[in-house]
Amino acid sequence: MNDTSAAAKRLHESVARATPLLLAMTDEASARPRAAGAWSPREIIGHLVDSALVNQQRFLRAADQDDLVFPGYPQDEWVERQRYRESEWAPLVALWRGLNEHVARTMELAPRELRELQRTRHAFDRIAFRTVPADVPSTLDYLMTDYVDHLEHHLRQILGDRWDTVAE
């Protein structure tokens, strides 16, 4: 590993902390939406599976292009189309865990120079969890950190106080 990114370390830690808490949820609780019109924990984890697959490619493609312009994706439609609410909970959590361990490895393997290279063109005003104005340069490292922020945001939605207690 070459100067492991802070985002990779956080991702490894978050996945390790969250996995047992997620697996402790009952099948019934994992299928129940948090509120009317909201995603269930299964749908949130499914969304995070999709996010891992999309961002894995973004992180790899960043080495082959001069900018950080990547397409978005229709999150709600993908969650619905894949019927994550009907998925089996434990295998879905296992898939989420495995994909994120792989994403963290990809982050670790990205050279520091690539992660920290300022790019004037990016799509973070459209695709980032915490957006960056289009006229403000940004880095791959920012996108990697933003990915972990997004994942932790959704883990808080599912786990609530249990996440904050374990995170301390």
Side-chain angles (χ1 to χ4, degrees), residues 1-62 70 72-112 115 124 127-130 139-168:
M1 287 182 250
N2 49 16
D3 188 49
T4 300
S5 75
K9 185 173 190 262
R10 262 183 63 209
L11 183 55
H12 278 300
E13 291 170 355
S14 292
V15 169
R17 285 194 326 254
T19 299
L21 296 172
L22 293 170
L23 290 173
M25 291 183 77
T26 65
D27 279 338
E28 180 184 358
S30 72
R32 188 179 321 120
R34 299 172 299 106
W39 284 341
S40 68
R42 289 183 197 190
E43 290 168 312
I44 293 171
I45 293 298
H47 164 64
L48 291 176
V49 163
D50 295 342
S51 179
L53 291 166
V54 168
N55 281 286
Q56 170 72 10
Q57 288 198 18
R58 290 173 178 165
F59 299 158
L60 291 170
R61 291 177 194 276
F70 307 108
Y73 65 100
Q75 302 170 76
D76 293 326
E77 290 86 349
W78 283 18
V79 166
E80 185 177 328
R81 193 175 303 150
Q82 295 176 85
R83 294 192 247 175
Y84 284 123
R85 191 178 294 182
E86 300 169 23
S87 296
E88 291 184 49
W89 181 237
L92 187 61
V93 172
L95 175 61
W96 168 81
R97 178 184 181 184
L99 285 171
N100 277 288
E101 288 296 334
H102 187 66
V103 169
R105 184 172 184 275
T106 299
M107 291 174 171
E108 289 169 347
L109 295 173
R112 179 184 205 168
R115 291 193 328 264
F124 301 169
I127 66 167
F129 175 61
R130 300 192 194 291
T139 64
L140 176 60
D141 204 46
Y142 179 86
L143 185 61
M144 290 176 170
T145 300
D146 187 67
Y147 174 80
V148 181
D149 290 344
H150 171 256
L151 178 133
E152 290 176 345
H153 162 78
H154 283 304
L155 290 175
R156 278 185 195 89
Q157 287 181 321
I158 296 170
L159 300 169
D161 292 342
R162 289 175 294 164
W163 175 255
D164 293 327
T165 302
V166 174
E168 292 175 354

Taking the side chain as C-beta and beyond, is there a heavy-atom pair between [X] and [Y] under 4.5 Å?
{"X": "Met107", "Y": "Leu140", "result": "no"}
{"X": "Leu155", "Y": "Arg17", "result": "no"}
{"X": "Asn100", "Y": "Tyr147", "result": "yes"}
{"X": "Ser14", "Y": "Trp163", "result": "yes"}
{"X": "Leu92", "Y": "Arg42", "result": "yes"}
{"X": "Ile158", "Y": "Ile45", "result": "yes"}
{"X": "Tyr84", "Y": "Ser40", "result": "no"}
{"X": "Asn55", "Y": "Arg58", "result": "yes"}

Tell me whether [X] at atom [atom1] has more than 12 heavy atoms from other residues, nucleotides or ligands lying less than 6.0 Å away.
{"X": "Gln157", "atom1": "CD", "answer": "yes"}
{"X": "Gln75", "atom1": "CD", "answer": "yes"}
{"X": "Arg85", "atom1": "CZ", "answer": "yes"}
{"X": "Glu77", "atom1": "CD", "answer": "yes"}
{"X": "His102", "atom1": "NE2", "answer": "no"}
{"X": "Arg83", "atom1": "CZ", "answer": "no"}

Practice task
Working to the nearest 0.5 Å, report the span between CD of Gln82 and CD of Glu43.
Solution key: 11.5 Å
Practice task
With rounding to the nearest 0.5 Å, note down the distance linking CG in Leu151 to CH2 in Trp96.
Solution key: 5.5 Å
Practice task
Check ring pair (Phe, Tyr, Trp, His ring centres under 6.0 Å) between Trp89 and all other residues, then give those that pass, not counting sequence neighbours.
Solution key: none
Exercise for the section: Answer yes when Arg105 and Glu101 have at least one side-chain N-carboxylate O distance shorter than 4.0 Å, and no when they do not. Expected result: no
Problem - Pair Asp149 + Arg10, salt bridge at N-O below 4.0 Å - result: yes
Looking at [X] and [Y], what are the two nearest heavy atoms and their distance?
{"X": "Ala18", "Y": "Leu159", "result": "CB-CD1, 4.3 Å"}
{"X": "Leu21", "Y": "Arg162", "result": "CD1-O, 4.0 Å"}
{"X": "Ser5", "Y": "Asp141", "result": "CB-OD1, 4.0 Å"}
{"X": "Ala8", "Y": "Ala104", "result": "CB-O, 3.6 Å"}

Handout entry: Chi angles and distances behind the side-chain contact (heavy atoms from CB on, under 4.5 Å) call for Gln56, Thr106
Key = CA-CA 7 Å; Gln56 170 72 10; Thr106 299; 2.8 Å; yes
Exercise for the section: Please lay out, stage by stage, how Val54 and Trp78 fare under the test side-chain contact (heavy atoms from CB on, under 4.5 Å). Expected result: CA-CA 12 Å; Val54 168; Trp78 283 18; 3.8 Å; yes
Exercise for the section: Classify the ring geometry between His47 and His154 as parallel (under 30°), tilted (30 to 60°) or perpendicular (over 60°). Expected result: perpendicular
Exercise for the section: Specify whether His150 and Phe129 have parallel, tilted or perpendicular ring planes, treating 30° as the upper limit for parallel and 60° as the lower limit for perpendicular. Expected result: perpendicular
Problem - Residues Leu53, Gln57; criterion side-chain contact (heavy atoms from CB on, under 4.5 Å); working and verdict - result: CA-CA 7 Å; Leu53 291 166; Gln57 288 198 18; over 6 Å; no
Exercise for the section: Could you go through the side-chain contact (heavy atoms from CB on, under 4.5 Å) check for Val93 and Met25 one step at a time? Expected result: CA-CA 11 Å; Val93 172; Met25 291 183 77; over 6 Å; no
Practice task
Look only at the side chain of Ser30 and the backbone of Asp27, and say whether a donor-acceptor pair between them is shorter than 3.5 Å.
Solution key: yes
